[in-house]
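First comes the structure, then the notes that go with it.
Side chains are part of it too, since the values below use all heavy atoms of this structure and drop only hydrogens, waters and symmetry mates. These numbers were taken from a predicted model, which means no experiment stands behind them. Here, residue 1 is the first one in the sequence, and each next residue gets the next number.
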Amino acid sequence: MQKHYTKDDIRQLIQEENVEFLRLQFSDMFGTIKNVEVPISQLEKVLDNKAMFDGSSIEGFVRIEESDMYLFPDLDTFMIFPWATDSHGGKVARLICDIHNVDGEPFVGDPRSNLKRVLKDMEAMGYSNFNLGTEPEFFLFKLDEKGNPTTNLNDKGGYFDLAPLDLGENTRREIVLEMEKMGFEVEAAHHEVAPGQHEVDFKYADALEAADNIQTFKLIVKTIARKHGLYATFMPKPVAGINGNGMHVNMSLFTEGKNVFFDENGEEKLSETAYKFLGGILDHAQNYTAITNPTVNSYKRLTPGYEAPVYVAWSGSNRSPMVRVPASRGQSTRLELRSVDPTANPYLAFAAILESGLDGIRRELTPTDSVDQNIYLMDEKERRKAGIRDLPDTLLDAIDHLEEDEIVKGAMGPTMSRTFVDAKRLEYRSFRQQVSQWELDNYLEQY
């Protein structure tokens with residue numbers, strides 16, 4: 001679990017560990033990690049929330065005439081990078097920051113501050129925690145002689161394989177060791193289904209810490225992979241014909257240490273609150289997909305035949321629907337959303353998922369019946385009869401759905417939702433202007 005630091009704690013650790021540089025880290029609207037690095041001589045300025053940067057240079061932030069912004073560090077996110085030192089042996093530490101305007105108010109375009117806002121809505125409804133456990137997957141590719149990434153996989157292993165098939169084993173092991181040095185509690189690490197694909201599972205946390213952890217995890221994975229001459233990517237579908245990268249999200253609501261999704265006497269031992277939350281997750285599914293699967297490439301993963309869900313449905317044991325209810329009960333009772341991929345900005349994705357579930361509670365929604373047969377084997381008529389809808393099959397389709405949903409847009413706020421939609425429409429338009437190798441292979445000689 002996350003430690004709690006005071007300013008004096010940080011001053012003492014910096015002195016004891018010979019920290020010479022401090023990275024002030026934040027995420028832009030698309031989930032890309034940014035940072036401003038300062039020498040430790042600027043520590044007091046940082047701790048007093050007086051560190052500034054130019055917001056106009058960050059995509060999705062502000063116009064040039066509103067460029068000055070403040071970095072407000074979250075002291076509990078202080079962390080010393082075990083691998084990073086300067087030329088004199090001094091260490092490098094980081095603080096994750098919220099973005100504030102010059103008037104001191106949280107910036108409406110900051111995804112992390114936005115998630116805090118949605119969590120306050122949750123608390124106003126009587127819930128204390130939205131706990132999340134995520135399972136981000138990644139591929140390891142070889143680098144070329146110039147150090148650039150290729151699409152040559154580093155092994156031919158499969159699910160749970162070991163060396164010599166799993167040539168990424170040493171890389172994955174070092175990733176786990178570095179994570180543990182940085183305070184993560186790693187529960188499992190293994191080779192995934194596809195060649196070159198891996199997964200590291202770490203302990204659940206409340207929504208804000210879970211989002212911070214995902215961003216830190218991505219940084220660790222990419223850094224350690226480079227040390228081993230490999231390139232790590234969280235791209236949803238980097239290689240055609242094999243499984244893509246997902247990021248299953250396990251979620252539960254808590255009040256005063258009690259999991260409110262569990263009811264010993266409820267159907268399937270799920271509470272009415274759990275069913276209503278599930279109803280909201282299903283009802284808004286097509287509309288938050290643009291946020292949980294935000295790239296053109298995301299929809300290459302969301303196709304039948306590669307384990308990724310493409311249908312809006314739920315089940316207890318069946319893994320073909322979008323939402324699964326794992327068997328654990330008691331404090332471990334949870335819903336598993338299987339459609340999310342790791343290109344999602346975790347701060348925005350968790351806000352959208354939470355707000356959708358809370359809307360289900362407010363409106364007392366009843367989820368559709370569980371589907372306990374393989375949906376991939378059902379024809380369209382059978383799916384329609386069972387009330388099963390399709391997830392969007394392109395980014396453009398997903399954006400169209402998002403624009404129709406005031407609840408999901410509200411989870412981002414009006415400024416960020418408008419900017420997000422505009423940016424993603426431009427992204428899709430740019431994609432449409434490209435001619436792919438598939439088109440050349442299939443049409444050039446035929447016509």
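The pair E427-K424 meets the salt-bridge criterion, with a side-chain N (NZ, NE, NH1 or NH2) lying under 4.0 Å from an Asp/Glu carboxylate O. Salt bridge annotation for E187-K203: absent, with no cationic side-chain nitrogen under 4.0 angstrom from a carboxylate oxygen.
In this structure, F217 and F234 have perpendicular ring planes: the angle between them is above 60°, well past the 30° mark.
Counting only N and O atoms by type, the side chains of E137 and H198 include no donor and acceptor under 3.5 Å apart. A side-chain donor-acceptor contact under 3.5 Å links D405 and H284. At a cut-off of 3.5 Å, with distance as the only test, no side-chain donor of D144 or T150 sits close to an acceptor on the other residue. A donor-acceptor pair shorter than 3.5 Å cannot be found between the side chains of D397 and Q286. Residues N297 and T295 bring no donor and acceptor atom of their side chains to less than 3.5 Å of each other.
No more than 12 heavy-atom neighbours from other residues, nucleotides or ligands sit within 6.0 angstrom of CD on E445. For NZ of K116, the number of neighbouring non-hydrogen atoms (other residues, nucleotides, ligands) closer than 6.0 Å is greater than 12. Annotation for E439: atom CD counts as buried by contact number, over 12 foreign heavy atoms lying within 6.0 Å.
When side chains are defined from C-beta on, M69 does not count as touching H100, because their heavy atoms never get closer than 4.5 Å. In this structure, the side chains of S113 and I99 stay at 4.5 Å or more apart for every pair of heavy atoms. Contact annotation: the side chain of P149 approaches that of R226 to within less than 4.5 Å [non-hydrogen atoms, C-beta and beyond]. Between P111 and F420 the shortest side-chain heavy-atom distance does not fall below 4.5 Å. Here the side chains of E37 and N35 are in contact, with some heavy-atom distance below 4.5 Å. F78 is not listed as a side-chain neighbour of I96, based on a closest heavy-atom distance of 4.5 Å or more.
In this structure, N114 contributes its side chain and A411 its backbone to a donor-acceptor pair below 3.5 Å. R432 places no side-chain N or O within 3.5 Å of a backbone atom of S430 that could act as its donor or acceptor partner. No donor-acceptor pair under 3.5 Å is formed between the side chain of T368 and the backbone N or O of G387. Not a single donor-acceptor pair under 3.5 Å links the side chain of T303 to the backbone N or O of Y299. Under the 3.5 Å distance criterion, the side-chain polar atoms of R334 are left unmatched by any main-chain donor or acceptor of Q331. For the pair D74 (side chain) and L95 (backbone), a donor-acceptor distance under 3.5 Å is absent. Without hydrogens or angle criteria, T171 side chain to A225 main chain gives no donor-acceptor distance under 3.5 Å.
Across P321 and A313, no two heavy atoms sit closer than the pair CB-O, 3.3 Å.
By the salt bridge (charged side-chain N to carboxylate O under 4.0 Å, His left out) test, D393 pairs with no residue at all, sequence neighbours left out.
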(request) Before giving the answer on ring pair (Phe, Tyr, Trp, His ring centres under 6.0 Å), spell out for Y70 and F53 the whole-Å C-alpha distance, their side-chain angles and the decisive distance to 0.1 Å. (result) CA-CA 6 Å; Y70 283 99; F53 76 105; 9.5 Å; no
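Taking the six-membered ring for Trp, F277 and F261 have ring centres closer than 6.0 Å.
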